[in-house]
Amino acid sequence: MEQAEFNKDLLKFLNASPTPWHAVATMKKRLDAAGFKELDEKEDWSLDQKSSYYVIRNGSSIVAFRTGTNDAVASGIRMVGAHTDSPCLKVKPNPELRRKGYFQLGVEVYGGVLMNPWFDRDLSLAGRVTFLDGHGKVTDTLVDFHKPMAFIPSLAIHLDREANTKRTVNPQTDLPPVLMQVAEDDATSFHELLGQQITSESGLKVRKVLGYELGFYDAQEANFVGLRDEFIASARLDNLLSCYIGLQALLNTSGDEAALLVCNDHEEVGSVSSEGAQGPFLTAVLDRWCGAGKAKAIARSMMISADNAHGVHPNYIDKHDENHGPILNKGPVIKINHNQRYATNSRSAAVYRHISDELDLPHQSFVVRSDMGCGSTIGPLTAANLGVTTLDIGVPQFGMHSIRELIGTEDGFTLYRVLTEFMQRKQVF
């Protein structure tokens, strides 16, 4: 796969994945097409050598792996981790708001949303709905309105003269999107609208909507940006970019060595869930794969936690350590924090640097300023849960947690090449 093909396919992946459930569904389709077999956690597993499998939990987290020719216990597992969720605005259970003839929905902020960029954007809505179908069975389905169907209008500057100096955002009162205008006697419910959408998308009959997990998203599709097309702008680059890179690496590795990709939900809110990185999902898969030999396998394994990094912003250079300001299109970023907000150590960093140097590819390092707080990833959580040597790395980007983010066109492909080689490496250590 060449860089141009990689990036064009990345845009398709991003546009097809407005929520964690859609991202996992998109990955499932690609794994199925590549001959991976789906495993059910409720059933017994019989795993063969030189075979490929995947497991889905809650529809929003996935573990995919190749058993390899060599036994995983004897040779270790080359693991890559990412997360499927992104900060967004999620619809509340009783969301309908009718004010001055406008139909709005109450929303809850999910994760560390940069809220100002959500104003004056074309928004759509997607997620998972649980409902009673025409046969009286409780079932789940994915919905995606696709079209721009909501808007959060800014307050005009004429009504707020201090908007550019003192305006703050109240998530309770300022963020409910406008969906439509309704008459005073209109009793349309959001559940009815969801039922109509389900029938329109899938033809399923909906007796009653029982629950949902829905989020608004930017209806503008991912695209190339820049006078020379050297950037990609999109929603959810943090962290669907890493999911895509890890998936492509797993699909294109030789399959001789044991290799695994885990994409967890709920990283943006702390990872504490049955399918999050602090939950038992990955451990349960490894238990069933490696059995009594799991401890030996882990001791011979390595995890690369891929999650985007902060590129140095040309307008805010002072927000970075002067020796650690990653530049877009200058290589993936090894993330280091001695207070263990990142799981990188000298050994795991050396493995990545060695492979990258062998391929004659660039890499950078990031350390947060000593007078600023540091974010984190699934890396330390996975390292603590498994006891596995871990590296934190990511593609540098601008606008992290905004409704629309920016990366360089070269860095994702560079990381893909290194991870592909890592996943087929005969010996990691």
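Atom set for the values below is all heavy atoms of this structure, side chains included, hydrogens, waters and symmetry mates excluded. These figures come from a predicted structure and were not determined experimentally.
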Between [X] and [Y]: side-chain donor-acceptor atoms closer than 3.5 Å:
X	Y	answer
His135	Asp133	no
Thr420	Asn252	no
Asn385	Gln278	no
Ser242	Asp307	no

Between Ile317 and Val312 the two heavy atoms that sit nearest each other are CA-CG2, 4.1 Å

For Gly68 and Gln49, work out which heavy atoms get closest and say how close.
O-NE2, 2.9 Å

Parallel, tilted or perpendicular: which fits the ring planes of [X] and [Y], with parallel below 30° and perpendicular above 60°?
X	Y	result
Phe413	Tyr416	tilted
Phe398	His313	tilted
Tyr212	His191	perpendicular

Any donor and acceptor pair, going by atom type alone, linking the side chain of Tyr342 with main-chain N or O of Val367 inside 3.5 Å?
no

So how far is it from Leu14 CG to Leu241 CG, rounded to the nearest 0.5 Å?
7.0 Å

If you measure from the Lys or Arg side-chain nitrogens to the Asp or Glu carboxylate oxygens, is any gap between [X] and [Y] under 4.0 Å?
X	Y	result
Asp85	Arg236	no
Glu421	Arg417	no
Glu213	Arg128	yes
Asp9	Arg30	yes

I'd like to know whether the aromatic ring centres of Tyr244 and Phe6 sit less than 6.0 Å apart in this structure.
yes

